[in-house]
Amino acid sequence: MPIQIYNTLTGKKEPLETVEPGRVKMYSCGPTVYDYFHVGNARAFVVPDVIKRYLRDRGYQVLHVQNVTDIDDKIIQRAQSLGVSVDEVVDRYTRAYLEDLLRLGCEMPTVLPRARDHVGPMIDLIRVLFDNGLAYAAGGDVYFSVERFPRYGQLSRQEVSQLEAGARVEASAHKRHPADFVLWKAAKPGEPWWESPWGRGRPGWHLECSAMSMAYLGERFDIHTGGADLIFPHHENEIAQSEGAVGHPVVTYWVHNGYINVDGEKMSKSLGNFWLFRDVADRWGAPVVRALLLSKHYRTPIDFTEEALEAQARGLERLYRTVGDLARRLHPDAPQLSSEAAAAGPAEQALERVLQEKEAAFHEAMEDDFNTAMALARLFELAREVNRYLTEAEPAPQPGPQPTLHRAYRLLIRLGGILGLRLDEPLHSRADDGELLVPLVDLILEVRQQVRSERRFDLADQIRDRLKALGIQVEDTREGARWILSDASR
RNA sequence: GGCGGCAUAGCCAAGUGGCUAAGGCGGGGGUCUGCAAAACCCCUAUUCCCCGGUUCGAAUCCGGGUGCCGCCUCCA
């Protein structure tokens, strides 16, 4: 079945048809580097990352461009309030962005263009817009004339006349029409500037995405992503600039993710109700944040709460634990299934069937507009089926091959990987996870096992309780004790 | 004033014309276990905000209502 994508431009799900066969070109609006990013921003990074991973799994080669906005009024303000240079703000938060992006489990985009490195192409673009009669200079600024671009409003379903009537359009003495937007902004004293045919200044915010997307992806590309708050005016203006320059549609599918809410209201910098991703990741673990972002369909708003994080953490623990159990069974040193049982007993055949079923269902979910909520549900079902096999159907441990369990393990890892969840890595990790931790805990548990074999259970329990208080959860199983890092507060 | 979205169990959430309304968390009962934890099993929505309509059949389509949210200004 072809992949279905919801297109904001048409308001419908459409089958994916790429400009070039087998190749997807995707542009995503990245961060403005003036602060650490919050969970709302994180969603806008995770969504294209999952789209990319899924498309690649389906055999597409994906070229992904995600910009870094390093020219912006907010950066200038931030530099002033911190009393440091603009360059320093840009440097600091670009670094932090990349760090947090990787921690979120996102792959590096193929290209990460910075606005500062593309002022030349932006100026060229303004020239073309002048040539096409869509731009005008006024008071040192250059504006885009929305009245000269008949298709203005197509993405957000706004009419230019209605925009005029609305109370919230930015007024400016220089604008011919209230909805006109700035392409080039004259520099005030003390602000960063670039030379241009219209004097010293800097490009308008919307311009960079037009210039850089076309620079790396060409005049026609497939997918453009961003948060729903960018539909108007950012993406509307981007369409006006790009189409106004080349004379035809540039982007096929416009994909917008829903907001992250706090107490029913949009999480945003201006409201001050934001949670920085790095803070939440410190406390709950980055995978928990990522899974929560994927637990609802990408277009639906998510209310971000402690309760939701808690529920997500508990669910994920089961998933990770299942994979950990499988890994232990499959370890060369571990006691293994007898060969006759592993060969093709009814239990193995049943499990094989389940693996196929769940894999197909996972794909069915993902190809329907990247329904990660449903895909995640199939992953949970897979884990339960594997656990059921492990607890009910497993015969006495003996050496022998276990192809079904190997397949189960690989499938979980692969499907988890499409969602960007590394199920084979620890769910909780800490800054102080040194080389020492693992052998040290193993040593303690070895001694505790000795104590248990002497049936001194009160002492054994005390060790377990004390470790739990340190965030190390010990579980005794038939094959001995196992342990995971968990949140010490729970 | 214009444009758009949402309303499904105690909580979160998938499902957009027809099989038993996914899945997660929580709760109850059980199996296993020195205990605990984990895991597994069973139970936890006769019904999808309300009222009409279309249809053999609707959570799903149409009309009306109520409530909440968003965009129209920087915002992911």
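Computed from a prediction, not measured in an experiment: that's the story for all the values here.
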> Quiz question: by atom type and distance under 3.5 Å, do the side chains of Tyr409(A) and Asp424(A) form a donor-acceptor pair?
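Looking only at side-chain atoms, Asp424(A) and Tyr409(A) do not form any donor-acceptor pair under 3.5 Å.
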> Between the base of G70(B) and the side chain of Asp229(A), is there a donor-acceptor distance below 3.5 Å?
no
> Please list all pairs meeting salt bridge (charged side-chain N to carboxylate O under 4.0 Å, His left out) that have one or both residues in residues 32-44 of chain A, counting only residues at least two apart or in different chains.
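For residues 32-44 of chain A, and leaving out neighbouring residues, the salt bridge (charged side-chain N to carboxylate O under 4.0 Å, His left out) pairs sorted by first residue read Asp35(A)-Arg78(A), Asp35(A)-Lys269(A).
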> Show each protein N/O and nucleotides 2-9 of chain B N/O combination with a separation under 3.5 Å, one pair to a line.
| unit_1 | atom_1 | unit_2 | atom_2 | d |
| --- | --- | --- | --- | --- |
| G2(B) | O4' | Gln162(A) | OE1 | 3.2 |
| G2(B) | N2 | Gln158(A) | NE2 | 3.2 |
| C3(B) | O2' | Ser156(A) | O | 3.4 |

> Side chain of Thr391(A) only, please: which of C40(B), C72(B), C74(B) is the nearest?
C40(B)
> Could you tell me how far G2(B) sits from U46(B) if I compare only their C1' atoms? Round to whole Å.
43 Å
> Quick check for you: to the nearest 0.5 Å, what is the distance between Glu236(A) atom CD and Gln154(A) atom CD?
6.0 Å
> Among G15(B), G34(B), C74(B), which nucleotide has an atom closest to any side-chain atom of Asn371(A)?
G15(B)
> So Gly226(A), base contact, sugar-phosphate only, or nothing? Heavy-atom distance under 4.0 Å.
sugar-phosphate
> Aromatic rings Tyr27(A) and His224(A): how do their planes relate, parallel, tilted or perpendicular, breaks at 30° and 60°?
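Correct class here is tilted.
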> Using a cut-off of under 3.5 Å, enumerate the N/O to N/O pairs linking the protein to nucleotides 16-20 of chain B.
none

> Does a side chain donor of either Tyr34(A) or Gln77(A) reach within less than 3.5 Å of an acceptor in the other side chain?
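There is no such pair between these side chains.
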> As a test of understanding, state which of Asp369(A), Asn257(A), Thr372(A) forms a side chain to side chain donor-acceptor pair (under 3.5 Å) with Tyr298(A).
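With Tyr298(A) as partner, Asp369(A), Asn257(A), Thr372(A) yield a single side chain to side chain donor-acceptor pair (under 3.5 Å), made by Asp369(A).
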> Check this for me: does the side-chain of Arg43(A) come within 3.5 Å of the base of A76(B) through a donor and an acceptor?
no
> Taking atom P in both G26(B) and C35(B), compute the distance separating them and give it to the nearest angstrom.
23 Å
> Can you check salt bridge (Lys or Arg N to Asp or Glu O under 4.0 Å) on Arg278(A) and Asp100(A), steps first, answer last?
CA-CA 7 Å; Arg278(A) 49 174 56 200; Asp100(A) 285 356; 3.1 Å; yes
> Do any N or O atoms of the protein come closer than 3.5 Å to N or O atoms of nucleotides 22-25 of chain B, and which pairs are they?
| unit_1 | atom_1 | unit_2 | atom_2 | d |
| --- | --- | --- | --- | --- |
| A22(B) | O2' | Arg378(A) | NH2 | 2.5 |
| A22(B) | O2' | Glu381(A) | OE2 | 3.2 |
| G24(B) | OP1 | Arg318(A) | NH2 | 2.7 |

> Could you verify whether a donor N or O on one side chain and an acceptor N or O on the other, from Thr322(A) and Asn387(A), lie under 3.5 Å apart?
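Result is yes, a qualifying pair exists.
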> Can a side-chain donor-acceptor contact be found between Glu14(A) and Thr10(A) if the only test is distance below 3.5 angstrom?
yes
> How would RNA chain B look in dot-bracket form, 5' to 3', counting Watson-Crick and G-U wobble pairs with both distances under 3.5 Å and writing | for bases paired to another strand?
((((((((.[[[..)..(....]]]((((((.......))))))....[[[[[..)....]]]]])))))))....
> With a 4.0 Å heavy-atom cut-off, tell me which residues in residues 257-267 of chain A come close to RNA chain B, sorted by residue number.
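Contacting residues: Asn257(A), Gly258(A), Tyr259(A), Ile260(A), Gly264(A), Glu265(A), Lys266(A), Met267(A).
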